[in-house]
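Have a look at the structure below, then the notes.
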Number of protein chains: 2
Amino acid sequence: MKEGPDIAQIGALIGDPARANMLAALTGGRALTATELAAAGGITLQTASTHLSKLETGGLLTQRKQGRHRYFTLADEAVARLIESMMGLAASRGHLRHQPGPKDPALRKARICYDHLAGDYGVRMLDSLVASGSIDAVGDGLAVTAKGESDLRSIGIDIGSLKSSRRPLCRSCLDWSERRAHLAGSLGKALLSNFMEKGWARRMPESRSVIFSPEGERQFLKLFPLET
Amino acid sequence: MKEGPDIAQIGALIGDPARANMLAALTGGRALTATELAAAGGITLQTASTHLSKLETGGLLTQRKQGRHRYFTLADEAVARLIESMMGLAASRGHLRHQPGPKDPALRKARICYDHLAGDYGVRMLDSLVASGSIDAVGDGLAVTAKGESDLRSIGIDIGSLKSSRRPLCRSCLDWSERRAHLAGSLGKALLSNFMEKGWARRMPESRSVIFSPEGERQFLKLFPLET
DNA sequence: TTCATACTTCGATCGTAACCGAAGCATCCC
DNA sequence: GGGATGCTTCGGTTACGATCGAAGTATGAA
């Protein structure tokens, strides 16, 4: 029975609460320093340091020195997907870190998932893109249609240049709060940065929440209507 | 930073080597007894018992009493997917339980992944189905075409009845040995059972290996040719 | 009933790893 | 240079959980 890859190492790395919290914080997509991650994990800097080196040698994180800071990121999009899918499973099994509180609503409405939009608004956006025929949903897979390509160009997104990257253009990502798919991949990322550049939305510091301005919200809801 | 689902619980469950081995064994899709799982985990029956109850209350396993036996299965296809994707990640990070040994080749060639065919043959089958136009690959998603529906019917698989199940018809599943996608979902399952009913292939006891008979292998390779 | 098998629960041991205080480097600023 | 900040390494404590022996419960067989 000693065959195949070793799941236990990765499981154990994620299995420690402090480390899990740090990883969850990094799902926000931002590179964070050791000190910030220590706070996220609820531990002292020394302890965080050893945890971080374990996560790095385990291949889940990469670090980048910048001056006297050390910035940590998830090693890979694959890691981000694993974390998100574990969140999905955990949510479906009722393993919650706390009961839904007052801070949750904003998070459920719109938040960052690695580098794209998640939560109610993320799900709505994908639904709307599919309903309008901009994106073709086949099974689990997503593809931009010709109509979608021109529609998206009109709001300032060039599909052609996105296609050239090695990263998949569209990918569906299971949303742990909505339990439905939202849009990941390079297009998901491009859309979110587009909103932020236009000033429609901005990130909250120290959190994964995404806040829409009143005008941005109006535009967003108009651009991605819900058909009833 | 106390927001969202608790990954650590699930990670910790998978993080113990004995439990990880038991879960990996269950990825074979068979229901296994506590005694068999104890052997798979390399531990005594008492220890296995406590592990199994933890896994069950954690929502990763379900058990079914049958006489004086207790049969355990993965709770869900979602759990199976998580385990497989962790295997993929572990393999890509070089976390191997042992160096490739003499027993590996059969496993790399064809093995069970929950309930469908994986390994070299699994990847080949999907490639061939896509190349022949039986399956449409859009991004990560897969869909059966009209041609595929009739082709598959001719080998004894009724897509119509599969569609009625709640489970997705096609799903791509990342193969940890080939690092490419193979076919999962109810169609993947149906194809494998079709091969076994025809006597083309059978499972090895105590292992995830799938062994093709000489005639079965001939037929399989003819049915799913590799275009060069 | 008696015995055997399959499994669980109890109790105790033991190892490992998480943790923090303190000290040690490295980098930046003045 | 001196002093601050960011992080790592060391050492020692502590706590949790994995482990197994032994005893207990349930099911089946004789």
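Residue numbers start from 1 in every chain, and the chains themselves are labelled A, B, ... in the order their sequence lines are given, proteins ahead of strands. Only heavy atoms go into these numbers, but all of them, side chains included; no hydrogens, no water, no symmetry mates.
The shortest distance between the side-chain N/O atoms of B/Arg70 and the OP1/OP2 oxygens of D/dA26 is not below 4.0 Å. A sub-4.0 Å separation between OP1 or OP2 of D/dC20 and a side-chain N or O of B/Thr44 is present. Distances shorter than 4.0 Å separate none of the side-chain N or O atoms of A/Arg68 from OP1 or OP2 on C/dC29. Taking 4.0 angstrom as the limit, A/His69 places none of its side-chain polar atoms (N or O) nearer than this to OP1 or OP2 of C/dA26. Distances shorter than 4.0 Å separate none of the side-chain N or O atoms of A/Thr47 from OP1 or OP2 on C/dA18. For C/dA26, the OP1/OP2 oxygens have no side-chain nitrogen or oxygen of A/Lys65 closer than 4.0 Å.
To the nearest angstrom, C1' of C/dA18 lies 9 Å from CZ of A/Arg19. Spacing between atom CG of A/Leu52 and atom C1' of D/dT9 amounts to 15 Å, rounded to whole angstrom units. Between A/Phe72 atom CZ and D/dG6 atom P the separation is 14 Å, expressed in whole Å. Distance CG (A/Leu55) to C1' (D/dT8): 16 Å, rounded to an integer number of Å. To the nearest angstrom, P of D/dG6 lies 17 Å from CZ of A/Arg64. Summarising the geometry, the separation between NZ on B/Lys54 and C1' on C/dT8 is reported as 14 Å, rounded to the nearest angstrom. Per the geometry, CG belonging to A/Asn21 stands 16 Å off C1' belonging to C/dC19, to the nearest Å. In this structure, B/Asp16 places its CG atom 11 Å from P of C/dA17, rounding to the nearest Å.
Of the candidates C/dA18, C/dC7, D/dG17, the closest approach to any side-chain atom of B/Leu45 belongs to C/dC7. With C/dC19, D/dT19, C/dA6 as the choices, the nucleotide that has an atom nearest any side-chain atom of B/Thr35 turns out to be C/dA6. Residue B/Ser49 has its side chain nearest to C/dT8 when only C/dT8, D/dC7, D/dT19 are considered. With D/dT19, C/dA18, D/dA22 as the choices, the nucleotide that has an atom nearest any side-chain atom of B/Gln46 turns out to be D/dA22. The A/Ile43 side chain lies nearest to C/dC19 when the options are D/dG17, D/dT19, C/dC19.
With no hydrogens or angles considered, a side-chain donor-acceptor pair links B/Thr47 and B/Thr44 at under 3.5 Å. For the residue pair A/Glu36 / A/Thr33, a side-chain donor-acceptor distance below 3.5 Å is found, with atom types taken as modelled. Side-chain atoms of A/Glu215 and A/Ser213 include no donor-acceptor pair closer than 3.5 Å. If you check the side chains of A/Gln9 and A/Asp6, you find a donor sitting under 3.5 Å from an acceptor.
Nucleic acid contact for B/Ser53: none, since no nucleic acid atom lies under 4.0 Å from a heavy atom of the residue.
In plain terms, the two heavy atoms of A/Ile7 and B/Ala20 that are nearest each other are CB-CB, 4.4 Å.
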